[in-house]
Amino acid sequence: MGKNPAGFWIRLGANLIDAVVFAVLGFLLALILGDQIGQNASSGIQFLYGLLLPVFWYGYTVGKKAVSIRIVRKDGTNVTFWTMVKRSLLSGIVYGLPFFLGLIIALVMGWSEMVELFTTPVPADPAAMDMEISNTALSALVILFGGGLLSFILIAASAIMIGVREDKRAIHDLIAGTYVTRNSPGAASADSYEESKEIF
């Protein structure tokens with residue numbers, strides 16, 4: 001397992017190439033369909049691209065193909081739809097859950113203060129505004145910030161794992177049972193075959 005894994009910088013390069021592809025696509029869709037519809041269409045296409053393209057293209061995306069890396073399962077075989085669901089959706093939930101929970105708790109705690117803030121007319125003299133923040137609203141902001149910070153820590157931990165682990169696997173790779181390799185599809189199959197000969 002983990003033959004010729006790809007490290008942090010090459011994976012970052014692949015992601016940047018994919019980001020440029022979707023920035024151009026988003027711009028074109030916004031021109032053709034209008035801003036909001038174009039952005040929604042681009043987001044939907046980007047989600048399906050990341051989820052489905054590796055299944056049908058030996059673990060490649062455009063960015064990964066450009067730098068000659070691809071996603072494979074732990075045994076070196078091609079990813080499946082279920083593998084990519086775990087890698088994209090389940091890991092996305094894990095990364096985003098602290099922020100989402102913090103947001104829900106903050107909204108529940110500070111709902112009345114937020115309603116009051118947005119429904120109170122702004123006085124003609126801004127200096128006359130009451131800037132006092134209740135303890136509840138302050139607590140809600142702290143919880144929201146804490147949730148966002150935890151999500152950021154998980155993402156940063158994944159980046160560090162790619163840099164320091166021998167197999168270069170991030171949290172989403174561990175969840176999905178994948179790794180990113182520099183091997184082409186034929187080379188990965190050959191490695192898996194050699195490994196199976198060694199076992200038997």
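The structure displayed is predicted, hence computed values, not measured ones. Note that these values count all heavy atoms, side chains included, but never hydrogens, waters or copies made by symmetry. Residue indices begin at 1 and follow the sequence shown.
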Would you give the length of the straight line joining atom [atom1] of [X] to atom [atom2] of [Y], rounded to the nearest 0.5 angstrom?
X    : Y    : atom1 : atom2 : result
I171 : I162 : CD1   : CD1   : 9.5 Å
L154 : L149 : CG    : CG    : 10.0 Å
I93  : S88  : CD1   : OG    : 11.0 Å
D18  : K65  : CG    : NZ    : 13.5 Å

Kindly work out whether a path of hydrophobic side-chain contacts (I/L/V/M/F/W/Y, heavy atoms less than 4.5 Å apart) joins [X] to [Y].
X    : Y    : result
F145 : I153 : yes
V20  : W9   : no
I71  : L89  : yes
I10  : V180 : yes
M161 : L90  : yes

Among residues at least two apart in sequence or on other chains, which ones pass salt bridge (Lys or Arg N to Asp or Glu O under 4.0 Å) with R182?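 Partners of R182 under the salt bridge (Lys or Arg N to Asp or Glu O under 4.0 Å) test: none.
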Distance-only, no hydrogens or angles: does the [X] side chain make a donor-acceptor pair with backbone N or O of [Y] under 3.5 Å?
X    : Y    : answer
R11  : K168 : yes
T77  : R73  : no
S151 : Y95  : yes

Heavy-atom check, side chain of [X] versus side chain of [Y], under 4.5 Å:
X    : Y    : value
L52  : F81  : yes
F152 : I155 : no
F99  : L144 : yes
D173 : R87  : yes
N78  : R70  : yes

Which atoms form the tightest heavy-atom contact between [X] and [Y], and what is the distance?
X    : Y    : answer
G63  : I17  : CA-CG2, 3.6 Å
T181 : N4   : OG1-O, 3.2 Å
P5   : E166 : CG-O, 3.7 Å
R169 : G177 : NH2-CA, 3.6 Å
G59  : V79  : CA-CG2, 4.3 Å
Y49  : T61  : OH-CB, 3.4 Å

Test L53 against Y60 for side chain to side chain contact (heavy atoms under 4.5 Å, CB included), laying out the working first. CA-CA 7 Å; L53 189 59; Y60 291 115; over 6 Å; no
Where do R165 and L174 land on the side chain to side chain contact (heavy atoms under 4.5 Å, CB included) test, with the steps shown first? CA-CA 12 Å; R165 284 178 59 106; L174 296 175; 3.9 Å; yes
